[in-house]
There are 2 protein chains.
Amino acid sequence: MERPVARSSPAAGDPAAERRPRGRPRKTLHDRDDGNRRQEVLRAAARLFRRKGFHATSTRDIAAAAGMRSGSPFYHFKSKGALLYAVMEEGMRSAILRQQAALADAPAVPQERLRLLVRNHFDILLGPGSDFIPVMLYESRSITARQRTLLAQLQGDYEAPWLPVLDGLHAAGRLRADVKLARLLIFGALNWSAQWYDRRKGASLDELTGAALQLFIGDCP
Amino acid sequence: MERPVARSSPAAGDPAAERRPRGRPRKTLHDRDDGNRRQEVLRAAARLFRRKGFHATSTRDIAAAAGMRSGSPFYHFKSKGALLYAVMEEGMRSAILRQQAALADAPAVPQERLRLLVRNHFDILLGPGSDFIPVMLYESRSITARQRTLLAQLQGDYEAPWLPVLDGLHAAGRLRADVKLARLLIFGALNWSAQWYDRRKGASLDELTGAALQLFIGDCP
DNA sequence: CCTACCGATCGGTAGG
DNA sequence: CCTACCGATCGGTAGG
């Protein structure tokens, strides 16, 4: 949808390309049009949007980070805004898949399911390659209302498995607060970690998960 | 420091000012140079920075919101960045004062002190005129390292009263998690509310406070 | 605080 | 995907 229906034929056979004097650096001689360029643009954008913010990042920054010229990102995405949305959507789809995988072999006891959900959430937010979801969390002002609606559906899918778990803990008396508010407060506690967590120092994700579980559902009895 | 040492004399006596044909709207005939214009710029900036973000807000937007021409904000602030920092610093100084006032007649029991701190935090974050602190929380990427250092000191002052309270709750067994991590998670849960709370619907700040207290220190026994 | 203005940067596009 | 380019906008300033 962001990509033209038909692409021009590959540059192969273009004599100028073979004689190119000092081309920009390429990883290999044959990686052009290998279909990964779009992903590279997406990854570069996620990284820069997270570090500097959407409006502080120029499409030229993104192009340079992906080893392209300034106009080339627009071959893959029809606008800067479409690129931002693509980062967010990709982040959500990946998060949902990873969450489903994490729950696949989970026990039914809500306390352990919550631990898996929290641990997975931290991993999505703070683990390697974790730029996409923070961008979604912190740049939502910059997308259109329609895009926000579409994302809200994916977020609903992501939150769906949390609700029965929290309800179960509430029913068991381990979560005293109103479940609706508790959910919002819990996501806040987790999401905010993207602002302060430093992978190279401090607690591990397991320690973080343990602290969160203790904070939310204690171990009083 | 952001304002020139000496100001030119007031416009009084300037004949052109008296003959001004159709001036931009003024609230009164005598409010020029009344010293409030700087505050109006600051408030307009806080409002716009919060709603649209720092980089998505132009100094022209701010000028218009304050009823000025495009160049005039620079009479009060030497740059857009200085204006952003002024919003953040003003927000922190105000928050510290309000917190001190809230604690002035507080009981010594940690549970009730935490309730006061949380309730006051929500008020600072979500109450009327609450644009300054959200800007500080969500636009910190856009200030310089030196400014971040200065703000960190004010944030330290703000967090200072929380630490003995959390330590007390930990010692009493009401807060099981590591205190350092608990503090970060708690502030996350509270600060994230700026993203979803809607004053016109949903819970009141008292209900929010109650839910937060239940979530963090339960009421198990 | 306004007027008039400047240089720089930016998103985006035509054509190949 | 590059080259060459455009119109718009932006932060900021001189001078009054």
Side-chain angles (χ1 to χ4, degrees), chain A residues 2-4 6-17 19-26 30-38 40-41 44-45 48 52-64 66-84 142, chain B residues 2-4 6-26 30-38 40-41 45 48 52-64 66-84 142:
Chain A
E2 269 103 12
R3 152 170 238 176
R7 302 180 59 180
S8 57
S9 60
D14 173 6
R19 273 189 257 105
R20 174 199 303 269
R22 312 178 304 278
R24 65 206 148 73
R26 290 182 184 280
H30 302 294
D31 64 348
R32 76 181 81 120
D33 283 301
D34 61 2
N36 283 346
R37 307 294 287 152
R38 187 181 193 273
E40 288 172 35
V41 175
L48 288 165
K52 314 204 307 174
F54 174 70
H55 281 104
T57 301
S58 71
T59 54
R60 282 161 172 83
D61 291 338
I62 296 167
M68 297 172 170
R69 299 312 184 101
S70 67
S72 300
F74 296 98
Y75 171 73
H76 296 286
F77 300 91
K78 74 170 195 290
S79 70
K80 190 187 177 189
L83 182 44
L84 173 63
S142 299
Chain B
E2 268 102 14
R3 148 171 244 177
R7 303 180 59 181
S8 57
S9 59
D14 173 8
E18 268 132 23
R19 275 190 256 105
R20 175 199 301 270
R22 312 179 304 277
R24 65 209 147 72
R26 290 182 182 279
H30 301 295
D31 64 348
R32 76 180 80 120
D33 283 302
D34 62 1
N36 282 347
R37 306 295 287 154
R38 186 180 194 273
E40 288 172 36
V41 175
L48 289 166
K52 315 204 305 172
F54 175 68
H55 281 103
T57 301
S58 71
T59 55
R60 282 161 172 83
D61 290 338
I62 297 167
M68 297 171 170
R69 298 313 183 103
S70 66
S72 301
F74 297 99
Y75 171 73
H76 296 288
F77 299 92
K78 74 170 195 291
S79 70
K80 191 187 176 189
L83 182 44
L84 174 62
S142 299

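Quick note on labels: first sequence line is chain A, next is B, and so on, each numbered from 1.
The separation between B/Tyr75 atom OH and D/dG15 atom C1' is 15 Å, rounded to whole Å. For the pair A/Phe74 CZ and C/dG15 P, the computed distance is 18 Å after rounding to whole Å. Across the protein-nucleic acid pair, A/Lys52 atom NZ and C/dT9 atom C1' stand 12 Å apart, rounded to whole Å. Per the geometry, CZ belonging to A/Phe54 stands 12 Å off C1' belonging to C/dC10, to the nearest Å. The distance between atom CG of B/Leu83 and atom P of D/dC10, rounded to the nearest whole Å, is 15 Å. One atom, NZ of A/Lys80, and another, P of C/dC10, lie 9 Å apart when rounded to the nearest Å. The CZ atom of A/Arg69 sits 18 Å away from the P atom of C/dG11 (whole-angstrom rounding).
Across all their heavy atoms, B/Ser70 and B/Arg60 have their closest contact at CB-CG, 3.6 Å. Contact record, A/Pro73 with A/Arg69: CD-O, 3.5 Å, taken as the closest heavy-atom pair. Residue A/His55 comes nearest to B/Ala56 through the heavy atom pair CE1-CB, 3.5 Å, listed as atom of the first residue, atom of the second, then distance. Summarising the geometry of A/Leu48 relative to A/Thr57, their closest heavy-atom pair is O-OG1, 3.3 Å, with the distance given to 0.1 Å.
Note: A/Arg37 CZ to A/Tyr75 OH = 11.5 Å, rounded to the nearest 0.5 Å. Note that CZ of B/Phe54 and CG of B/Leu83 are 8.0 Å apart. Values are rounded to the nearest 0.5 Å. To the nearest 0.5 Å, atoms NZ (A/Lys80) and OG (A/Ser142) are separated by 8.0 Å.
A 4.5 Å side-chain heavy-atom check between B/Arg38 and B/Phe77 finds at least one atom pair inside the cut-off.
A search for side-chain hydrogen bond (donor to acceptor under 3.5 Å, both in side chains) contacts involving B/Ser79 returns nothing, not counting sequence neighbours.
In DNA chain D, runs of at least 3 consecutive Watson-Crick or G-U pairs, each pair with both distances below 3.5 Å, span C:1-16 with D:1-16.
Each of B/Val41 and B/Ser70 has a nearest nucleotide on DNA chain C; the 5'-most of these lies closest to B/Val41.
Contacts with DNA chain C (heavy atom under 4.0 Å) in residues 55-64 of chain B: B/Arg60, listed by number.
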